[in-house]
Asks: 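Sharing a structure with you now.
Labels below follow one simple rule: chain letters A, B, ... track the order of the sequence lines, proteins then strands, and each chain is numbered from 1.
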Amino acid sequence: MTIEIANIVGSGSLHRELKLEALESDLSTAYLEHDPSNYHGLYVRLVEDGPLITVYRSGKYIVTGATSFDELRETSEVFLRNLVQLGILDESPETGFTAQNVVCTEELPSEVDLTALSIGLGLESVEYEPEQFPGLIYRPTELPAVVLVFANGKVVITGAPDVETAEKTFESLQTQVDRYLPG
DNA sequence: TTAACGTTTTCTTATATAGCCTGATACA
DNA sequence: TGTATCAGGCTATATAAGAAAACGTTAA
């Protein structure tokens, strides 16, 4: 099994309020975007095309666009170090930074008859409306993740807090596919 | 009926996936 | 002018955050 991580979302808190306008002018080396008329959060990128940090006045922040847990952690830590260097924080606080959502892709060994699969899985855990969206949406009752299954066998797993959960979710799907669409 | 307040929804970002639609461009 | 091709946007999914708008409810 070769689950590929496409995106990880994490969040944490600095436990103190921030002046976003001041932060915007102080973080001169980062890639910044702040347009309160569009959205109230301050967007920060430490490197061009790198993960995006959304910072709020409350001191809470979100990191999106990381493709590994190392990159997610590193982004949060470098951001905190920058704030300490700028004198915005006295020292790196305990932020409680954790991954909230992992988006992964996988592939089933063969094409899938989505209509047959939706009948097999049962209407209570499946949404499949091809006129609206070409993928089948599967919510396993025992796992906190959602799976998008496409007719060509490609699969997107989202909502999982970690890779283990994503892998278990894919295994659960594969079991169901083998049961309802043998051979 | 209107004001005031409380609750809910929408917005934004990242990302994969695939089908459909629309607009732009190229060529006959 | 008509057809073909391509690119881009929208559809749906999860998640965090908080402001603002859109609701619903209650009282005067």
Side-chain angles (χ1 to χ4, degrees), chain A residues 1-21 23 30-69 71-76 79 95-108 110-115 117-118 121 125-141 143-170 172-173 177:
Chain A
M1 182 158 54
T2 53
I3 275 198
E4 268 190 48
I5 298 173
N7 180 31
I8 310 175
V9 181
S11 66
S13 174
L14 304 172
H15 302 294
R16 56 161 294 177
E17 297 218 339
L18 297 171
K19 289 182 180 173
L20 298 186
E21 294 76 12
L23 188 60
Y31 300 86
L32 300 165
E33 194 183 324
H34 188 216
D35 181 5
S37 65
N38 183 45
Y39 191 64
H40 54 279
L42 168 67
Y43 296 131
V44 180
R45 278 184 213 274
L46 302 173
V47 291
E48 200 171 6
D49 298 328
L52 178 73
I53 307 166
T54 310
V55 191
Y56 299 93
R57 290 186 190 279
S58 64
K60 293 185 178 180
Y61 65 102
I62 305 167
V63 179
T64 57
T67 51
S68 71
F69 283 87
E71 187 182 26
L72 183 76
R73 258 192 311 273
E74 178 81 3
T75 301
S76 174
F79 175 59
T95 61
F97 186 80
T98 50
Q100 306 287 350
N101 179 24
V102 182
V103 183
C104 305
T105 57
E106 245 294 8
E107 207 164 336
L108 291 163
S110 59
E111 294 191 348
V112 182
D113 181 340
L114 297 181
T115 304
L117 182 61
S118 67
L121 291 172
S125 56
V126 164
E127 284 175 44
Y128 181 48
E129 293 178 54
E131 310 81 22
Q132 198 172 359
F133 187 70
L136 177 150
I137 300 158
Y138 171 48
R139 291 183 171 82
T141 51
L143 290 160
V146 173
V147 189
L148 311 185
V149 189
F150 298 90
N152 61 3
K154 290 193 177 183
V155 172
V156 177
I157 302 150
T158 185
D162 50 59
V163 175
E164 271 187 16
T165 304
E167 286 175 345
K168 282 181 186 172
T169 304
F170 181 72
S172 166
L173 170 74
V177 170

Asks: To the nearest angstrom, how far is A:F97 atom CZ from C:dT15 atom C1'?
Replies: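 Computing the A:F97:CZ to C:dT15:C1' distance gives 12 Å.
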Asks: Nearest to the side chain of A:N101 - C:dT15, C:dT11, C:dA17?
Replies: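 Looking only at heavy atoms from C-beta outward on A:N101, the closest nucleotide is C:dT15.
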Asks: Backbone N or O of A:T2 within a donor-acceptor pair of the A:E106 side chain at under 3.5 Å?
Replies: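 Yes: the side chain of A:E106 pairs with the backbone of A:T2.
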Asks: Okay, side chain of A:S172, backbone of A:K168: is any donor-acceptor separation there less than 3.5 Å?
Replies: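 Flag not set: sc A:S172 to bb A:K168 has no pair under 3.5 Å.
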Asks: If I take atom CZ in residue A:R57 and atom P in nucleotide B:dT12, what distance separates them, rounded to the nearest angstrom?
Replies: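 Result: 18 Å.
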Asks: Within the 4.0 Å heavy-atom criterion, would you say A:S58 contacts the bases, only the backbone, or no part of the nucleic acid?
Replies: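 Sugar-phosphate only.
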Asks: Given B:dA14, C:dA14, B:dT17, identify the nucleotide with an atom nearest to the side chain of A:L148.
Replies: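 For the A:L148 side chain, the nearest candidate turns out to be B:dT17.
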Asks: Within residues 7-19 of chain A, which residues have any heavy atom lying less than 4.0 Å from an atom of DNA chain C?
Replies: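 Residues of residues 7-19 of chain A under 4.0 Å from DNA chain C: A:V9, A:S11.
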Asks: What is the distance from atom CG of A:L108 to atom CZ of A:F170, rounded to the nearest 0.5 Å?
Replies: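 Output value for this atom pair is 4.5 Å.
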Asks: Mind calculating the distance between CD1 (A:I5) and P (C:dT15) to the nearest angstrom?
Replies: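 Distance, rounded to whole Å: 17 Å.
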Asks: What residues in residues 35-45 of chain A put a non-hydrogen atom under 4.0 Å from any atom of DNA chain C?
Replies: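 Under 4.0 Å from DNA chain C: A:Y39, A:H40.
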Asks: Whether the A:Y61 and A:S76 side chains hold a donor-acceptor pair (N or O, under 3.5 Å, no angle test) is what I'd like checked.
Replies: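 Yes, a side-chain donor-acceptor pair sits under 3.5 Å.
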Asks: Rounded to the nearest 0.5 Å, what separates atom OG1 in A:T169 from atom CD in A:E164?
Replies: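 It comes to 11.0 Å.
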Asks: Any stems for DNA chain C, made of 3 or more Watson-Crick or G-U pairs in a row, each with both distances under 3.5 Å?
Replies: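 Stems found: B:1-28 with C:1-28.
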Asks: For A:E107 and B:dT17, what is the distance between atoms CD and P respectively, to the nearest whole Å?
Replies: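 After rounding, the reported distance stands at 9 Å.
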Asks: Ring stacking, A:F133 with base of C:dA12, under 5.5 Å and under 30°?
Replies: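 The base of C:dA12 is stacked with A:F133 (centres under 5.5 Å, planes under 30°).
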Asks: Do A:V63 and A:F79 have side-chain heavy atoms sitting under 4.5 Å apart?
Replies: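 With C-beta onward as the side chain, the pair stays apart.
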Asks: Please pick, from C:dA12, B:dA16, C:dA17, the nucleotide with the shortest atom-to-atom distance to any side-chain atom of A:I137.
Replies: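 The listed nucleotide nearest to A:I137's side chain is C:dA12.
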Asks: Would you please name every residue forming a salt bridge (charged side-chain N to carboxylate O under 4.0 Å, His left out) with A:R45, sequence neighbours left out?
Replies: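 For A:R45, no residue satisfies salt bridge (charged side-chain N to carboxylate O under 4.0 Å, His left out) once neighbours in sequence are set aside.
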Asks: Taking only side-chain N and O atoms of A:Q132, does any of them lie within less than 4.0 angstrom of OP1 or OP2 on C:dT11?
Replies: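 Result: no.
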Asks: Do other residues, nucleotides or ligands put more than 12 heavy atoms under 6.0 Å from the CD atom of A:E4?
Replies: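 Atom CD in A:E4 is not crowded, with 12 or fewer foreign heavy atoms closer than 6.0 Å.
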Asks: Nearest 0.5 Å please: distance from the OG1 atom of A:T98 over to the CG atom of A:L72.
Replies: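 It comes to 9.0 Å.
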Asks: How far does NZ of A:K60 sit from OG of A:S13, to the nearest 0.5 angstrom?
Replies: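 OG of A:S13 is found 5.5 Å from NZ of A:K60.
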Asks: Look at all strands and tell whether A:T54 reaches a base, only sugar-phosphate, or nothing, counting heavy atoms closer than 4.0 Å.
Replies: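 If one applies the 4.0 Å heavy-atom cut-off, A:T54 turns out to touch nothing in the nucleic acid.
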Asks: Pair up each side-chain donor or acceptor in residues 150-159 of chain A with any protein partner under 3.5 Å, not counting sequence neighbours, and list the distances.
Replies:
unit_1	atom_1	unit_2	atom_2	d
A:N152	OD1	A:K154	N	3.0

Asks: Quickly work out the A:H34 NE2 to C:dG18 C1' distance and round it to whole Å.
Replies: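 To the nearest whole Å, that distance equals 12 Å.
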Asks: Any heavy-atom pair between the side chains of A:N101 and A:V103 that's under 4.5 Å?
Replies: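 Yes, side chains in contact.
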Asks: Hey, are the side chains of A:L117 and A:Y128 touching, using non-hydrogen atoms and a 4.5 Å cut-off?
Replies: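 A:L117 vs A:Y128: side chains apart.
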Asks: Near DNA chain C, under 4.0 Å by heavy atom, which residues of residues 149-162 of chain A?
Replies: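 Heavy-atom cutoff 4.0 Å gives A:T158, A:G159.
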Asks: When the distance from CG of A:L20 to P of C:dA19 is rounded to whole Å, what number comes out?
Replies: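 To the nearest whole Å, that distance equals 10 Å.
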Asks: Nearest to the side chain of A:P134 - B:dG19, C:dG18, C:dA16?
Replies: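 So the nucleotide nearest the side chain must be B:dG19.
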Asks: Enter the distance from A:T165:OG1 to A:D162:CG here, rounded to the nearest 0.5 Å.
Replies: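 The CG atom of A:D162 is 3.5 Å from OG1 of A:T165, to the nearest 0.5 Å.
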Asks: Rounding to an integer number of Å, can you tell me how far A:Y128 OH sits from C:dT13 C1'?
Replies: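 Checked: the OH to C1' distance equals 16 Å.
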Asks: Does the side chain of A:I62 come within less than 4.5 Å of A:Y56's, by heavy atoms?
Replies: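 Answer yes - side chains close enough.
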Asks: Can you tell me how far C1' of B:dT13 sits from CG of A:L72, to the nearest Å?
Replies: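 Spelled out: CG on A:L72 to C1' on B:dT13 is 14 Å.
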